[in-house]
Amino acid sequence: MNVDAARLAAYATLNRVLLRDAYANIAVKNELSALNPQDHRFAARLVYATLENLVAIDYRLSSWADYAKTPPKTITALRMGVCQLFYMDS
(Lines give C-alpha, C1' and ligand atoms only; values in the text may rest on other atoms or scores of the structure.)
Protein backbone atom coordinates (compact mmCIF):
# COMPACT_ATOMS: atom_id res chain seq x y z
CA MET A 1 0.00 0.00 0.00
CA ASN A 2 1.45 3.35 -1.04
CA VAL A 3 1.04 6.35 1.19
CA ASP A 4 1.26 9.75 -0.45
CA ALA A 5 4.03 12.19 0.36
CA ALA A 6 1.75 14.65 2.15
CA ARG A 7 0.55 12.07 4.67
CA LEU A 8 4.07 10.75 5.23
CA ALA A 9 5.32 14.27 5.88
CA ALA A 10 2.39 14.96 8.23
CA TYR A 11 3.13 11.69 10.05
CA ALA A 12 6.81 12.62 10.46
CA THR A 13 5.84 16.10 11.66
CA LEU A 14 3.35 14.80 14.21
CA ASN A 15 5.87 12.29 15.54
CA ARG A 16 8.38 15.10 15.91
CA VAL A 17 5.87 17.26 17.80
CA LEU A 18 4.23 14.56 19.93
CA LEU A 19 7.22 12.33 20.67
CA ARG A 20 10.13 14.76 20.68
CA ASP A 21 8.40 17.89 21.98
CA ALA A 22 9.17 19.99 18.90
CA TYR A 23 7.29 23.20 18.27
CA ALA A 24 4.54 22.54 15.73
CA ASN A 25 5.15 25.60 13.58
CA ILE A 26 8.88 24.90 13.30
CA ALA A 27 8.33 21.19 12.63
CA VAL A 28 5.77 22.00 9.92
CA LYS A 29 8.18 24.44 8.29
CA ASN A 30 11.06 21.93 8.34
CA GLU A 31 9.25 18.72 7.46
CA LEU A 32 6.85 20.02 4.82
CA SER A 33 9.18 22.34 2.92
CA ALA A 34 9.88 19.83 0.14
CA LEU A 35 6.21 19.31 -0.73
CA ASN A 36 4.41 21.00 -3.58
CA PRO A 37 2.02 23.79 -2.46
CA GLN A 38 -1.14 21.67 -2.56
CA ASP A 39 0.41 18.82 -0.56
CA HIS A 40 1.98 21.32 1.84
CA ARG A 41 -1.43 22.86 2.58
CA PHE A 42 -3.06 19.47 3.10
CA ALA A 43 -0.27 18.15 5.34
CA ALA A 44 -0.16 21.32 7.43
CA ARG A 45 -3.93 21.23 7.82
CA LEU A 46 -3.76 17.57 8.89
CA VAL A 47 -1.03 18.28 11.45
CA TYR A 48 -2.76 21.29 12.96
CA ALA A 49 -6.22 19.66 12.96
CA THR A 50 -4.81 16.59 14.70
CA LEU A 51 -3.11 18.69 17.35
CA GLU A 52 -6.12 20.96 17.77
CA ASN A 53 -8.46 18.01 18.34
CA LEU A 54 -6.01 15.73 20.14
CA VAL A 55 -8.05 15.33 23.33
CA ALA A 56 -11.23 14.45 21.43
CA ILE A 57 -9.30 12.12 19.10
CA ASP A 58 -7.71 10.32 22.05
CA TYR A 59 -11.12 9.99 23.65
CA ARG A 60 -12.49 8.35 20.49
CA LEU A 61 -9.49 6.01 20.32
CA SER A 62 -9.47 5.12 24.02
CA SER A 63 -12.39 2.75 23.77
CA TRP A 64 -10.43 0.29 21.64
CA ALA A 65 -6.75 1.32 21.59
CA ASP A 66 -4.52 0.30 24.48
CA TYR A 67 -2.09 3.20 24.77
CA ALA A 68 0.20 1.27 27.12
CA LYS A 69 0.73 -1.61 24.67
CA THR A 70 0.55 0.21 21.34
CA PRO A 71 3.76 1.75 19.98
CA PRO A 72 3.65 5.57 20.03
CA LYS A 73 4.21 5.87 16.28
CA THR A 74 1.21 3.61 15.68
CA ILE A 75 -0.88 5.84 17.93
CA THR A 76 0.20 8.80 15.78
CA ALA A 77 -1.03 7.04 12.64
CA LEU A 78 -4.33 6.20 14.32
CA ARG A 79 -4.74 9.80 15.47
CA MET A 80 -4.21 11.03 11.92
CA GLY A 81 -6.82 8.61 10.61
CA VAL A 82 -9.40 9.62 13.22
CA CYS A 83 -8.70 13.26 12.48
CA GLN A 84 -9.30 12.77 8.78
CA LEU A 85 -12.48 10.79 9.38
CA PHE A 86 -14.09 13.07 11.92
CA TYR A 87 -12.53 16.52 11.56
CA MET A 88 -11.60 16.93 7.90
CA ASP A 89 -13.43 16.61 4.62
CA SER A 90 -10.60 14.83 2.73
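These figures come from a predicted structure and were not determined experimentally. For the single chain, residues carry numbers from 1 onward in sequence order.
- Considering CG of Leu54 and OH of Tyr59, their distance stands at 15.5 Å, rounded to 0.5 Å.
- Val28 and His40 get closest at one heavy-atom pair: O-NE2, 4.5 Å.
- Applying the side-chain contact (heavy atoms from CB on, under 4.5 Å) test to Arg60 and every residue at least two apart in sequence or in another chain returns Val82, Phe86, Tyr87.
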Listed pairs under 3.5 Å, donor-acceptor, residues 67-75 side chains, sequence neighbours left out:
residue : atom : partner : partner atom : Å
Tyr67   : OH   : Asp58   : O            : 3.3
Tyr67   : OH   : Asp58   : OD1          : 3.1
Thr70   : OG1  : Asp66   : O            : 2.7

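- Applying the salt bridge (Lys or Arg N to Asp or Glu O under 4.0 Å) test to pairs two or more places apart or on separate chains, none has a residue in residues 19-28.
- Residues satisfying the side-chain contact (heavy atoms from CB on, under 4.5 Å) criterion with Ile26, sequence neighbours excluded, are Tyr23, Asn30.
- For the pair Arg41 and Pro37, the minimum side-chain heavy-atom distance is below 4.5 Å.
- Residue Val55 belongs to no hydrophobic cluster, having no ILVMFWY side-chain heavy atom closer than 4.5 Å to its own.
- Taken to the nearest 0.5 Å, the CG atom of Leu32 stands 11.0 Å off from the CZ atom of Phe42.
- Rounded to the nearest 0.5 angstrom, Thr50 OG1 and Arg45 CZ are separated by 10.5 Å.
- The CG atom of Leu14 sits 6.0 Å away from atom CE of Met80, with the distance rounded to the nearest 0.5 Å.
- In terms of modelled atom types and a separation under 3.5 Å, the side chain of Asn36 and the main chain of Asp39 share a donor-acceptor contact.
- To the nearest 0.5 angstrom, Leu51 atom CG is 5.5 Å from Leu18 atom CG.
- In terms of heavy-atom proximity, Asn25 sits nearest to Tyr48 at CA-OH, 3.4 Å.
- With sequence neighbours excluded, the residues satisfying salt bridge (Lys or Arg N to Asp or Glu O under 4.0 Å) with Arg16 are Glu31.
- For the pair Ala43 and Ala10, the tightest heavy-atom approach, listed with the atom from each and the gap, is O-CB, 3.9 Å.
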